[in-house]
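Just so we're on the same page: letters track the sequence lines, and every chain starts at 1.
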Amino acid sequence: DGGITQSPKYLFRKEGQNVTLSCEQNLNHDAMYWYRQDPGQGLRLIYYSQIVNDFQKGDIAEGYSVSREKKESFPLTVTSAQKNPTAFYLCASSQGHGTAEQYFGPGTRLTVT
Amino acid sequence: SQQGEEDPQALSIQEGENATMNCSYKTSINNLQWYRQNSGRGLVHLILIRSNEREKHSGRLRVTLDTSKKSSSLLITASRAADTASYFCATDPSGSARQLTFGSGTQLTVLP
């Protein structure tokens with residue numbers, strides 16, 4: 001059963017702590033993406049990776065970090081430097097990039113208090 | 001910055017009616033995609049229309065693209081309560097790093 005998974009679905013953290021969100025895909029896709037969604041808003045691109053061991057900043061990368069050591073995995077770390085981390089985080093993947101249809105995971109809702 | 005902007009922000013209709021959502025964008029594009037998001041879930045791809053296409057159909061969905069006006073519309077015919085969701089357009093700007101840019105979405109409510 002191919003797909004893209006994110007864990008956990010809900011995550012609670014205290015302010016000042018780093019937290020890592022998991023994203024795994026078994027679709028054999030080259031490209032992976034992290035988006036942030038705030039209530040009633042569209043998606044904003046945080047980071048993307050077009051190939052293993054390579055990634056680029058998106059529109060709102062400050063306070064976030066990623067790694068792409070394996071094709072299947074693209075974890076996102078929300079650092080204490082991110083001023084307003086509470087949001088819904090969505091991971092996606094695509095075969096190729098840009099023009100390609102993106103497949104999304106179910107999302108992780110992060111709440112920082 | 002948001003490349004695509006959907007209109008209206010919210011739409012409420014009765015089951016069986018048609019729903020039309022519009023998307024406007026600012027720069028030239030390679031293609032435009034429409035996605036659906038149920039509350040608290042990930043997005044699901046609905047349809048992709050290329051810049052050289054004017055209309056595309058998929059089941060009860062009809063998408064049009066007018067590159068001269070930099071706009072697209074998504075029509076859902078014979079709506080059902082299960083169509084209740086947010087709908088987003090996403091553009092692939094030509095000449096860019098080729099990443100999708102999403103609009104802020106239209107929240108569609110279909111009343112039974």
- Can you find a side-chain donor-acceptor pair between B:Thr109 and B:Thr84 that sits under 3.5 Å? no
- Item | Test of ring centre spacing under 6.0 Å for B:Phe102 and A:Tyr35 | yes
- Message: Please tell me whether A:Ser94 and A:Tyr33 have a donor and an acceptor in their side chains that are separated by less than 3.5 angstrom.
- Response: yes
- Under 4.5 Å heavy-atom distance to chain A, tell me which part of B:Gln107 shows up: side chain, backbone, both or neither. neither
- Does any heavy atom of chain B fall under 4.5 Å from the side chain of A:Gln6, the backbone, both, or neither of them? neither
- Query: So which bits of residues 78-85 of chain A come within less than 4.5 Å of chain B, counting non-hydrogen atoms only?
  - Reply: none
- Message: Just to verify, which of B:His57, B:Glu17, B:Arg60 counts as forming a side chain to side chain contact (heavy atoms under 4.5 Å, CB included) with B:Thr77?
- Response: B:Arg60
- Query: Just checking, any donor-acceptor pair under 3.5 angstrom between side chains of A:Gln37 and B:Gln37?
  - Reply: yes
- Query: Do B:Thr64 and B:Ser73 have a side chain donor and acceptor closer than 3.5 Å?
  - Reply: yes
- Straight-line distance of A:Thr108 OG1 to A:Leu76 CG, nearest 0.5 Å: 9.5 Å
